[in-house]
Amino acid sequence: MPLEQQVETRGSAGGATRAYLTVFGAPPSPVTVMGFQPSLGRRIGRALVALVVCWALAAASVPILLAHFILVPGLVAAGLVLAYLRFRTTRVLTRIYGACPRCGVEQDFEPPRWGRKVDCPRCKNQLTLEESPGNAAPASGGSAPPSAVRG
Ligand SMILES: [Zn+2]
């Protein structure tokens, strides 16, 4: 994969923010998220890379009989979607550090390329990265403060 990430700290080290890892059946766990904000030109570049890669694969799939009915339009569409998603990505995550809400082990998590799914390397559970813990709270009605869950 030609994904060259030039992660450089260009003086602005204020990239650490607070987020939460959530998993079904456990209270959200606060984590520290490191990231950087790509410039507009860089976002366009990343979008074009996704577009070119997918469309190159689509072109390569044209000679494949039968499969090209699915592969070619699928890859063309995937290229557009990926390009759009990458262009929309105003923040690229480079590091997630904190405790897993499931197993409680403090560690580094692999940042998601896109989306919000994070895998815990310890307990193999799929976690969801949330900006605030309220997004994953079960609909209990009202705005009561989150009390300690006794389980
Ligand atoms: Zn875990």
Side-chain angles (χ1 to χ4, degrees), residues 1-64 67-139 143 145-146:
M1 295 291 283
L3 292 172
E4 300 172 9
Q5 291 190 347
Q6 298 175 352
V7 181
E8 301 171 1
T9 52
R10 297 176 182 173
S12 60
T17 55
R18 209 72 167 144
Y20 295 86
L21 284 177
T22 65
V23 69
F24 183 78
S29 175
V31 293
T32 302
V33 176
M34 306 283 285
F36 66 94
Q37 295 179 334
S39 64
L40 180 63
R42 184 150 181 79
R43 283 161 58 196
I44 293 173
R46 284 165 52 87
L48 284 178
V49 167
L51 199 64
V52 167
V53 168
C54 285
W55 285 11
L57 287 173
S61 303
V62 168
I64 306 175
H68 69 197
F69 288 114
I70 299 166
L71 284 177
V72 174
L75 285 167
V76 168
L80 290 172
V81 170
L82 285 182
Y84 174 68
L85 287 178
R86 298 190 91 179
F87 180 72
R88 264 190 51 194
T89 302
T90 54
R91 188 147 179 270
V92 178
L93 302 182
T94 56
R95 189 186 179 200
I96 301 172
Y97 181 82
C100 170
R102 178 65 78 189
C103 62
V105 176
E106 284 204 14
Q107 61 201 319
D108 274 308
F109 295 91
E110 180 82 14
R113 287 252 166 103
W114 46 72
R116 297 178 175 277
K117 298 302 179 187
V118 180
D119 288 319
C120 175
R122 285 297 185 98
C123 62
K124 310 296 182 191
N125 274 286
Q126 191 176 65
L127 316 171
T128 304
L129 188 67
E130 302 278 3
E131 295 296 322
S132 71
N135 292 351
S143 58

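Values below: all heavy atoms of this structure, side chains included; hydrogens, waters and symmetry mates excluded.
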| Do Glu131 and Arg116 come within less than 4.5 Å of each other through their side chains, counting heavy atoms only? | yes
| said: Within the 4.5 Å heavy-atom criterion, are Arg42 and Val92 side-chain neighbours or not? | reply: no
| request: Please tell me if the side chains of Thr89 and Pro38 come closer than 4.5 Å, counting only heavy atoms from C-beta onward. | output: no
| Over all atoms of both residues, closest heavy-atom pair of Val72 and Ala58 | CG2-O, 3.5 Å
| task | Using a 4.5 Å cut-off on heavy atoms from C-beta on, say whether the side chain of Val53 contacts that of Leu82. | result | no
| Does Arg122 CZ have over 12 foreign heavy atoms under 6.0 Å away? | no
| task | Kindly say whether Ala47 contributes a backbone atom to a donor-acceptor pair with the side chain of Arg86 at under 3.5 angstrom? | result | no
| said: Taking CD in Glu110 as the centre, count heavy atoms belonging to other residues, nucleotides or ligands within less than 6.0 Å. Is the count above 12? | reply: no
| Side chains of Pro111 and Met34: does their closest heavy-atom pair fall under 4.5 Å? | no
| field | Side-chain heavy atoms of Val118 within contact of Thr128, under 4.5 Å | value | no
| Sidechain-backbone polar pair: Thr22 side chain, Pro28 backbone, donor-acceptor under 3.5 Å | no
| query | Are Cys100 and Phe109 close enough that some pair of their side-chain heavy atoms sits under 4.5 Å apart? | reply | yes
| task | Answer whether the closest heavy-atom distance between the side chains of Ser61 and Leu75 falls below 4.5 Å. | result | yes
